[in-house]
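No hydrogens, no waters, no symmetry mates; every other heavy atom, side chains included, goes into these values. Residue numbers start at 1 and run along the sequence shown. Note that this is a predicted model, so its numbers are computed, not measured.
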Amino acid sequence: MQDRQGARDQRGAGRQGQTADLAVVRTQFATTYPNALRTWLQQQDRAVKLVRADKAAAAAAVGHQLNLNPAQAAEQIDELIPLDGKEQAAPGYLGTPERPGALAENLHSAAEFLKAQNKLPAVPALSASQKGSATKGLRDAFAG
């Protein structure tokens, strides 16, 4: 998911950037348990579709998990732009294994910024962010 400010920044005149809600999976887990990763990605996609189709039901479910009332949860949901699996594979986000998307570049830029602020000791090469994006798992989860 992306927050609305990140979407405005990305689409705005001359401004670059995204604010994203990211999940991390270890390569060993993804290769050992590809069906679990596929199922998780598909369930995330299902959640995005629920948010779009029935925000009240989604707010009730999110509120229950976060100990918020549905109105408070709905306010938080309104701050997000949920991306389904297909949208996540777009060039502006994760991309594909063959063509990594802009998210890897944005992560690399963030690392460079943090390095300049002395918050990181080093910045890995852009290829590390590109390789680290689980685009194969995403593609496999939504193939066919």
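Of the possible polar contacts, none joining the Gln76 side chain to the Ala73 backbone as a donor-acceptor pair under 3.5 Å is found. Judged by distance alone, the side chain of Gln88 and the main-chain N or O of Leu83 form a donor-acceptor pair under 3.5 Å. Looking only at distances, no side-chain donor or acceptor of Asp84 sits under 3.5 Å from a matching main-chain atom of Asp45. At least one donor-acceptor pair closer than 3.5 Å links the side chain of Ser133 to the backbone N or O of Ser129. In this structure, His64 contributes its side chain and Asn69 its backbone to no donor-acceptor pair below 3.5 Å.
When all heavy atoms are compared, the tightest approach of Arg38 to Ala141 is CG-CA, 3.6 Å. Contact detail for Ala89 and Leu138: the closest heavy-atom pair is N-CD2, 3.8 Å. Taking all atoms of both residues into account, the shortest heavy-atom contact from Pro124 to Ala128 is CB-CB, 3.9 Å. Contact detail for Val51 and Pro82: the closest heavy-atom pair is CG1-CG, 4.0 Å.
When the shell of 6.0 Å around CD of Gln117 is examined, it contains more than 12 heavy atoms from other residues, nucleotides or ligands. In this structure, Arg52 places its CZ atom where more than 12 heavy-atom neighbours from other residues, nucleotides or ligands lie under 6.0 Å away.
Sorted by first and then second residue, the salt bridge (charged side-chain N to carboxylate O under 4.0 Å, His left out) pairs involving residues 98-119 (not counting sequence neighbours) are Glu98-Arg139. The salt bridge (charged side-chain N to carboxylate O under 4.0 Å, His left out) pairs that include a residue from residues 125-136 are Lys136-Asp140, where partners are two or more places apart or lie in different chains.
Taking the side chain as every heavy atom from C-beta outward, Val62 and Leu68 never approach each other to under 4.5 Å. When side chains are defined from C-beta on, Leu22 counts as touching Leu103, because their heavy atoms get closer than 4.5 Å.
Under the 4.5 Å side-chain contact rule for hydrophobic residues, Leu50 and Trp40 do not share a cluster. Residues Val123 and Phe113 fall into different hydrophobic clusters, defined by Ile, Leu, Val, Met, Phe, Trp and Tyr side chains chained together at heavy-atom separations under 4.5 Å.
Applying the ring pair (Phe, Tyr, Trp, His ring centres under 6.0 Å) rule to Phe29 yields the partners Tyr33; only residues at least two apart in sequence or on another chain are considered.
How far OH of Tyr93 is from CD of Glu87: 7.5 Å, rounded to the nearest 0.5 Å.
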